[in-house]
Amino acid sequence: MLQVSYIRDNREQVLERLAVKNFKQTDLVDEVIKLDDNRRQTQNRLDNVSAEANAAAKQVGELMRSGKKEEAEVIKAKSGSWKEEIKQLGDELSQIEAELQQKIVLLPNLPHSSVPKGITPEENEVILENGEKPNLPEGALPHWELAAKYNLIDFELGVKITGAGFPVYKGKGAKLQRALIAFFLDEAEKAGYDERMLPLLVNEASGFGTGQLPDKEGQMYYVGVDNLYLIPTAEVPITNLYRDVILKADELPVMNCGYTPCFRREAGSYGAHVRGLNRLHQFDKVEIVQVVNPETSYDVLEQMSLHVQSLLQKLGLPYRVLRLCGGDMGFTSALTYDMETYSAAQGRWLEVSSVSNFETFQSNRLKLRFRNAEGKTQLPHTLNGSALALPRIVATLLENNQTAEGIKIPEALVPYTKFEWIN
RNA sequence: GGAGAGGUGUCUGAGUGGUCGAAAGAGCACGCCUGGAAAGUGUGUAUACAUCACAAGUGUAUCGAGGGUUCGAAUCCCUCCCUCUCCGCCA
């Protein structure tokens with residue numbers, strides 16, 4: 001959520017930035033400013049009347065104590081009028097505040113100055129490509145066929161017990177999942193992240209705090225009887241750990257990581273591109289999150305990007321890094337890098353990580369603050385990234401490492417799988 | 001799920017209608033004391049909004065959340081949420 005004060009002071013710039021994100025409802029900006037004017041005025045009037053009423057009440061108290069009952073009664077008699085006014089202004093104020101809130105949450109975060117203008121994913125900027133695309137042997141298979149051939153994943157069983165998009169991992173397939181999770185967590189810990197193991201269901205306030213609600217309501221599984229949402233990413237519970245918190249300056253940067261399954265409804269996506277592990281309703285992911293001083297956040301973003309890249313390098317996967325264009329960026333992000341690995345048998349790039357700086361967009365919603373050098377509360381910047389999401393890593397790993405003898409496990413992973421080959 | 005108790009500032013904890021944004025202690029910060037430290041001692045120590053120079057000052061709101069009674073509520077009433085204890089169920 002953008003800060004109203006920022007919108008007021010930087011109206012032109014806000015409009016300009018929103019254009020980069022290809023945001024159309026620009027009327028909202030002026031509506032927000034107007035509502036805020038209204039809010040201030042109303043609050044001012046309410047404060048003044050309340051002050052009068054408070055003073056009078058105090059006077060009544062004093063008069064009563066000194067036994068001047070009649071004088072007290074005179075003031076009491078007058079009280080009815082402000083009482084009504086206070087009630088009326090209070091109602092008015094909360095209505096204005098609700099309306100303001102309703103509008104301001106519709107405004108997406110402003111993109112960083114380096115974000116390219118653009119609408120479609122094709123307009124994302126490739127800023128780096130690394131690693132060799134493998135030359136696959138004759139008759140190389142896509143991962144879903146490899147998964148069947150080596151009995152690693154059973155998609156049909158998942159359909160039986162739950163539905164499409166909920167695979168069952170078996171044998172070495174299951175061990176590979178476990179190995180990747182442990183590997184990613186260990187690497188995150190080495191990079192300085194402190195692990196958390198988190199609830200998989202969150203309440204509405206948490207969904208709002210990180211920006212999934214109300215924007216992406218339909219993307220989350222919802223448990224109505226208890227009014228809880230299944231997390232679409234560990235970002236939600238981890239970042240919300242710091243909701244309503246004022247951090248001390250020396251507590252920054254906060255660095256947390258966590259493994260969780262992630263649940264996404266992905267309504268209406270079917271077809272060849274979502275075959276196999278390409279898009280699932282439930283998948284595993286290790287997430288890294290930082291809460292940092294605004295001055296350092298863009299350096300931290302680079303550092304997080306490098307961490308993700310180091311994982312891909314250690315796994316020996318060819319990858320590229322994209323700087324997302326305004327139109328393809330998430331609602332809450334100011335700058336996002338996507339990491340994609342090359343899936344050789346499918347002949348396409350698959351997104352395996354997304355690293356973003358949210359600046360103060362989330363901290364403002366979360367009421368997450370820190371005490372700065374002057375001892376004042378200030379909104380920190382929040383960042384997060386997948387490090388990494390498993391399914392597409394598994395997909396490229398299987399496809400790119402297939403040989404006539406079987407699938408070769410990357411060396412870095414062998415200590416975790418305790419086997420070198422899937423055959 | 002049933003019965004009971006309770007939710008106050010960083011923490012412990014007082015406060016049952018007015019002088020309470022809230023005693024006291026601890027913690028923390030800064031200072032004095034000390035060769036240094038401990039002890040001792042002094043001062044300070046919530047957040048948000050408004051006014052305003054995002055200063056000082058002032059006003060308003062906030063004692064789990066929301067509503068009500070009252071001239072006036074942390075204190076009384078109602079609803080909800082949460083925590084604890086006992087019972088039930090259970091990995």
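Below, chain A is the first sequence line, B the second, and so on; all start at residue 1. None of these values were measured; they are calculated from a predicted model.
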Query raised in the report: Can you name the salt bridge (Lys or Arg N to Asp or Glu O under 4.0 Å) partners of A:E31, sequence neighbours left out?
Result: A:K103
Query raised in the report: If you check every side-chain atom of A:S50, which of B:U60, B:U47, B:G18 has the closest atom?
Result: B:U60
Query raised in the report: When you measure from the side chain of A:N54, which nucleotide among B:U47, B:U60, B:A50 comes out closest?
Result: B:U60
Query raised in the report: Nearest to the side chain of A:N44 - B:A50, B:C71, B:G59?
Result: B:A50
**Report entry** Nearest listed nucleotide, side chain of A:K87, among B:U60, B:G68, B:U51
**Finding:** B:G68
Requested in this report: Go through the side-chain N and O atoms of A:N256 and A:Y242 and say whether any donor and acceptor fall under 3.5 Å apart.
Outcome: yes
**Report entry** Distance-only donor-acceptor check, side chains A:T120 and A:E123, under 3.5 Å
**Finding:** yes
Query raised in the report: At under 4.0 Å between heavy atoms, what does A:S5 touch on the DNA or RNA strands: base, sugar-phosphate, or nothing?
Result: nothing
Query raised in the report: How would you list all residue pairs meeting side chain to side chain donor-acceptor pair (under 3.5 Å) that involve residues 189-200 of chain A, not counting sequence neighbours?
Result: A:E187-A:K190, A:Y193-A:Q290, A:D194-A:R196
Report task. May I ask you to say what A:A51 touches in the nucleic acid, namely base, sugar-phosphate or nothing, with a heavy-atom cut-off under 4.0 Å? Result -> sugar-phosphate
Query raised in the report: Which part of the nucleic acid, if any, lies within reach of A:K248 when heavy atoms closer than 4.0 Å are counted: base, sugar-phosphate only, or nothing?
Result: nothing
Query raised in the report: Do A:E287 and A:K285 sit within salt-bridge range, that is, some charged N less than 4.0 Å from a carboxylate O?
Result: yes
Query raised in the report: Is the phosphate of B:A50, meaning OP1 or OP2, less than 4.0 Å from a side-chain N or O of A:R39?
Result: yes
Query raised in the report: Which dot-bracket notation, 5' to 3', represents the base pairing of RNA chain B when pairs are defined as Watson-Crick or G-U with both distances under 3.5 Å, crossing pairs as [ ], and inter-strand pairs as |?
Result: ((((((((.[[[..)..(.....]]]((((((.......))))))((((((.....)))))).[[[[[..)....]]]]])))))))....
Report task. Establish, with yes or no, whether the OP1 or OP2 oxygen of B:A48 is under 4.0 angstrom from a side-chain nitrogen or oxygen of A:R369. Result -> yes
Query raised in the report: Between B:C54, B:C71, B:U47, which nucleotide has the shortest distance from any of its atoms to the side chain of A:K376?
Result: B:C54
Query raised in the report: Between B:A46, B:A50, B:U60, which one does the side chain of A:R371 approach most closely?
Result: B:A46
